[in-house]
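In what follows, chains carry the letters A, B, and so on, assigned in the order in which the sequence lines appear, proteins first and then strands, with residues in each chain numbered from 1.
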2 protein chains.
Amino acid sequence: MEPDKVRAPNIRDVARLAGVSYQTVSRVLNNSESIKDTTKQRVLDVIAQVGYRPNQAARALVTSRTRTIGVLTSQTAHYGPTTSLHAIEEAAREAGYLISTTSLATSDHEAIVDRLEHLMRQAVEGLVVIAPQVRVFDAIRELEISVPLVTLDSTRRDDHRSLSVDQIAGARMATRHLIELGHREIVHLSGPQDWIEAEARMTGFLREVDEADLATHPPILGDWTADFGYHVGRELLRYRDFTAVFAANDQMALGLIHAFRDGGLDVPRDVSVVGFDDIPEAAHYWPPLTTVRQDFAEIGRRSVAMLLGELRGDAEANHEQVFPELIVRESTAPPRI
Amino acid sequence: MEPDKVRAPNIRDVARLAGVSYQTVSRVLNNSESIKDTTKQRVLDVIAQVGYRPNQAARALVTSRTRTIGVLTSQTAHYGPTTSLHAIEEAAREAGYLISTTSLATSDHEAIVDRLEHLMRQAVEGLVVIAPQVRVFDAIRELEISVPLVTLDSTRRDDHRSLSVDQIAGARMATRHLIELGHREIVHLSGPQDWIEAEARMTGFLREVDEADLATHPPILGDWTADFGYHVGRELLRYRDFTAVFAANDQMALGLIHAFRDGGLDVPRDVSVVGFDDIPEAAHYWPPLTTVRQDFAEIGRRSVAMLLGELRGDAEANHEQVFPELIVRESTAPPRI
DNA sequence: ACGTGAGATGTGTACGTTCACATTTCTCGT
DNA sequence: ACGAGAAATGTGAACGTACACATCTCACGT
């Protein structure tokens, strides 16, 4: 006939056992000065002894500070967003913040609103959005979200802060590399239509092709996966009206190369392929992939720094850019003939 | 001279505007029955109009329910843990729970304790541990954590629930496949020493080799990365006293293959390579990788189901196993001669 | 017309903490 | 030895919600 659950000790229990008032315990918890060392130690001993853990809900209620940053991610377990997320978690932790992550199961408007509402109910103090779908921004505007917000991978110039890798520049570098090798018929395998990143890379590609006065092949819309890249590669084999492909990420590039090889084409002898992201495996693909490197971890860290800056009230620059880097390996070569 | 921050509307504000008591608003929020439809609608209208959001801290304080599940992940952005994490988040969300994720920056005892303490302060109702380092279990025991706990990828049989892919069985399948092809000199490239997964795969490998009465090459300890696989491959080229390698994950397998090719060896003609995990890119590697598939998403989903079951008080089975599957592709073949 | 009971709504209180302010205790210099 | 001021500690209230219980309202059968 034991009581089913014993109530967890609270600040008053600790105070009683230490022979002080609850306020003194609170001071110890918050590292207040003007506490006698002996008293402080006595309180700490009791805390350790009874295994007291401050109730964050009560604390948040009275201070109206949650020390939590909300992160909205896309539904996929891609390397880039994941790496950024880890960096965000680490940077936030170091600053004494915690992370509440939620991901988008679907990218329809309702789901986005639901997830944002969820984060706001959590009373997050700031928001990092790594879900670079265009629609997210509409939802944010609609909900009149008032906490500081940083978006990643956006090329938008909106009323919130953003941090982006200059995807357009990266795409231009990749495209220019192919052009400089002598390619004149270049196909672009893009990401999904509503991803801002995909749009930016496509824009960069089109601009570069345009400036070089080359014929424009209509970009193909992909879904970021190697499987899709493979299927596209099989299709492309039927036309052969190109000498190079710029894929919007490394996985699709891998699928393309696989399909080309299956079709009897050699990369880079018969066709050059460039990827994007420089995931850690890209250097070990066969052939090692020429790609555009982005520092996802750096982006994550800096996004937290920006957010914390805004939380502290600094009126810093609103938009930062991180520059990507072209990594030339062995999947690109001059066209035959 | 505006007031700097307007207080967010609370339940009493809503009540006043709707001309009802705060308790009635509370009833609407909690979908209580015995609310007149017209009243309910009036309250909902006010809520929407003023943008009222219930304060979770206050709610948690009084109900002592946070509806939060804590997740402890390893420090790395690997495909497997990440995929499981996504599945966990989704499953939890569907059950009305939220996720508080924290990752291990380092795997020393202090860091682990710090992270666990952190989650407990958040008053998580349950814990999912995807950080399969051995030391985590010591910390959990030491902290006398009382909330329901599910660990992933563990082969331990402890006092908490666990859900694991039978890594030993998977490793045996991979090894047996090589043996059945006729290989007698097989090297194992393992994961880091303190990872339970790595240990289990090594155990499976050693058992199978032992049962087949083959000479045992001492396993090589790796770090899961393709880069490391490449370096090991370069080293191995100097000996050539093996005809097959079983790598503990696909990335290391990729690096190995790269190194072998650089050294003039053909996979699978000169040496066979098997990976583990079946990440989505494995089918598109060159050659397409023979590997062991694990359903990471399934694991994530089931871990949440187990946890919720325990939270509801079901006394279900304590340990579930998920079986992996051997996927034979083109990186394995009979040994030459 | 009136009591009855169910349905609808209202009131008091507790959750565990921090903040503002009040009070006590110590440490000096004289 | 004493008072002033600083240091240390204590008291009352508030944060926003849900629960237990109390009260009000209304339809209905007699």
Trainee: For B:S303 versus B:I88, what's the shortest heavy-atom pair and its separation?
Mentor: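 For B:S303 versus B:I88, the nearest heavy atoms are OG-CG1, 3.7 Å.
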
Trainee: Between D:dG16, D:dA18, C:dT17, which nucleotide gets closest to the side-chain atoms of A:A58?
Mentor: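 The nucleotide sitting nearest to the side chain is C:dT17.
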
Trainee: What closest approach, in Å, do A:A139 and A:V113 show between heavy atoms, and which atom pair accounts for it?
Mentor: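 For A:A139 versus A:V113, the nearest heavy atoms are CB-CG2, 4.1 Å.
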
Trainee: Decide, yes or no, whether a salt bridge links A:D45 with A:R42 under the criterion of side-chain N to carboxylate O below 4.0 Å.
Mentor: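 No.
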
Trainee: I'd like a table of atom pairs between the protein and nucleotides 6-11 of chain D - only N or O on both sides, under 3.5 Å - with the distance next to each one.
Mentor:
| from | atom 1 | to | atom 2 | distance (Å) |
| --- | --- | --- | --- | --- |
| D:dT9 | OP1 | A:T39 | OG1 | 2.5 |
| D:dT9 | OP2 | A:K36 | N | 3.0 |
| D:dT9 | O4 | A:R27 | NH2 | 3.1 |
| D:dG10 | OP2 | A:S21 | N | 2.6 |
| D:dG10 | OP2 | A:S21 | OG | 2.9 |
| D:dG10 | OP2 | A:T24 | OG1 | 2.7 |
| D:dG10 | N7 | A:R27 | NH1 | 3.3 |
| D:dG10 | O6 | A:R27 | NH2 | 2.5 |

Trainee: Taking only the side-chain nitrogens and oxygens of A:N55, find out if one of them lies under 4.0 Å from OP1 or OP2 of C:dC15.
Mentor: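 Looking at the OP1 and OP2 atoms of C:dC15, neither is under 4.0 Å from any side-chain N or O of A:N55.
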
Trainee: Look up atom OG1 in B:T102 and atom CD in B:Q122, then write down how far apart they are to the nearest 0.5 Å.
Mentor: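 Between atom OG1 of B:T102 and atom CD of B:Q122 there are 9.5 Å.
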
Trainee: Compare every heavy atom of A:L104 with every heavy atom of A:A111, then report the nearest pair and how far apart it is.
Mentor: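 Answer, listing the atom of A:A111 first, then A:L104: O-CD1, 4.4 Å.
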
Trainee: Check whether the side chains of B:D108 and B:T106 place a donor and an acceptor atom closer than 3.5 Å, and report yes or no.
Mentor: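 The criterion, which ignores hydrogens and geometry beyond distance, is satisfied for B:T106 and B:D108.
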
Trainee: Could you list all N or O pairs between the protein and nucleotides 25-27 of chain D that sit under 3.5 Å apart?
Mentor:
none

Trainee: Between B:S26 and D:dA18, is there a side-chain N or O to OP1/OP2 distance below 4.0 Å?
Mentor: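 Yes.
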
Trainee: What is the minimum heavy-atom distance between B:E125 and B:P148, and which atoms define it?
Mentor: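 Closest pair (atom of B:E125, atom of B:P148, distance): O-CD, 3.3 Å.
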
Trainee: Out of curiosity, B:T66 OG1 to A:N55 CG, how far, rounded to the nearest 0.5 Å?
Mentor: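 Reported to 0.5 Å precision, the distance equals 10.0 Å.
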
Trainee: Rounded off to whole Å, could you give me the CZ-to-P distance for the B:R12 and C:dT9 pair?
Mentor: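 Distance check: B:R12 CZ to C:dT9 P gives 18 Å.
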
Trainee: What's the closest nucleotide to the B:R59 side chain, out of D:dA18, C:dT18, C:dT17?
Mentor: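 Selected nucleotide: D:dA18.
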
Trainee: Write down the distance between CZ (B:R67) and P (D:dT17), rounded to a whole number of angstrom.
Mentor: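 Checked: the CZ to P distance equals 17 Å.
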
Trainee: Passes salt bridge (charged side-chain N to carboxylate O under 4.0 Å, His left out), B:K40 versus B:D37? Steps please.
Mentor: CA-CA 5 Å; B:K40 182 170 178 176; B:D37 276 349; 5.8 Å; no

Trainee: Can you tell me how far C1' of D:dC19 sits from CG of B:L29, to the nearest Å?
Mentor: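 Taking CG of B:L29 and C1' of D:dC19, I get 15 Å after rounding.
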
Trainee: Please report the interatomic distance CZ(B:R115) to OG(B:S103), rounded to the nearest 0.5 Å.
Mentor: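 Nearest 0.5 Å value for the CZ-OG distance: 8.0 Å.
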
Trainee: Rounding to 10 degrees, work out the angle separating the end axes of the helix from C:dA1-D:dT30 to C:dT30-D:dA1 (five pairs an end).
Mentor: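 End axes: 40° apart.
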
Trainee: Any Lys/Arg nitrogen of B:R301 or B:E90 sitting under 4.0 Å from an Asp/Glu carboxylate oxygen of the other?
Mentor: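 Judged by the 4.0 Å cut-off on N to carboxylate O distance, B:R301 and B:E90 do not form a salt bridge.
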
Trainee: Any side-chain N or O of B:N10 below 4.0 angstrom from OP1/OP2 of D:dC15?
Mentor: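 Looking at the OP1 and OP2 atoms of D:dC15, neither is under 4.0 Å from any side-chain N or O of B:N10.
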
Trainee: Minimum heavy-atom separation for B:L119 and B:G70, please, with both atom names.
Mentor: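 Answer, listing the atom of B:L119 first, then B:G70: CD2-CA, 4.0 Å.
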
Trainee: What is the distance, rounded to the nearest whole Å, between atom CG of A:N30 and atom C1' of C:dT17?
Mentor: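 Those two atoms, CG and C1', are 9 Å apart.
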
Trainee: What is the separation between atom CZ on B:R65 and atom P on C:dC15, rounded to the nearest whole Å?
Mentor: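 Whole-Å distance recorded here is 19 Å.
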
Trainee: Could you tell me the separation between the CZ atom of A:R16 and the P atom of C:dT17, rounded to a whole number of Å?
Mentor: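 Taking atom P of C:dT17 as the reference, CZ of A:R16 is at 13 Å.
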
Trainee: Nearest whole angstrom, please: distance from the P of D:dT17 to the CD of B:Q56.
Mentor: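 Checked: the CD to P distance equals 10 Å.
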
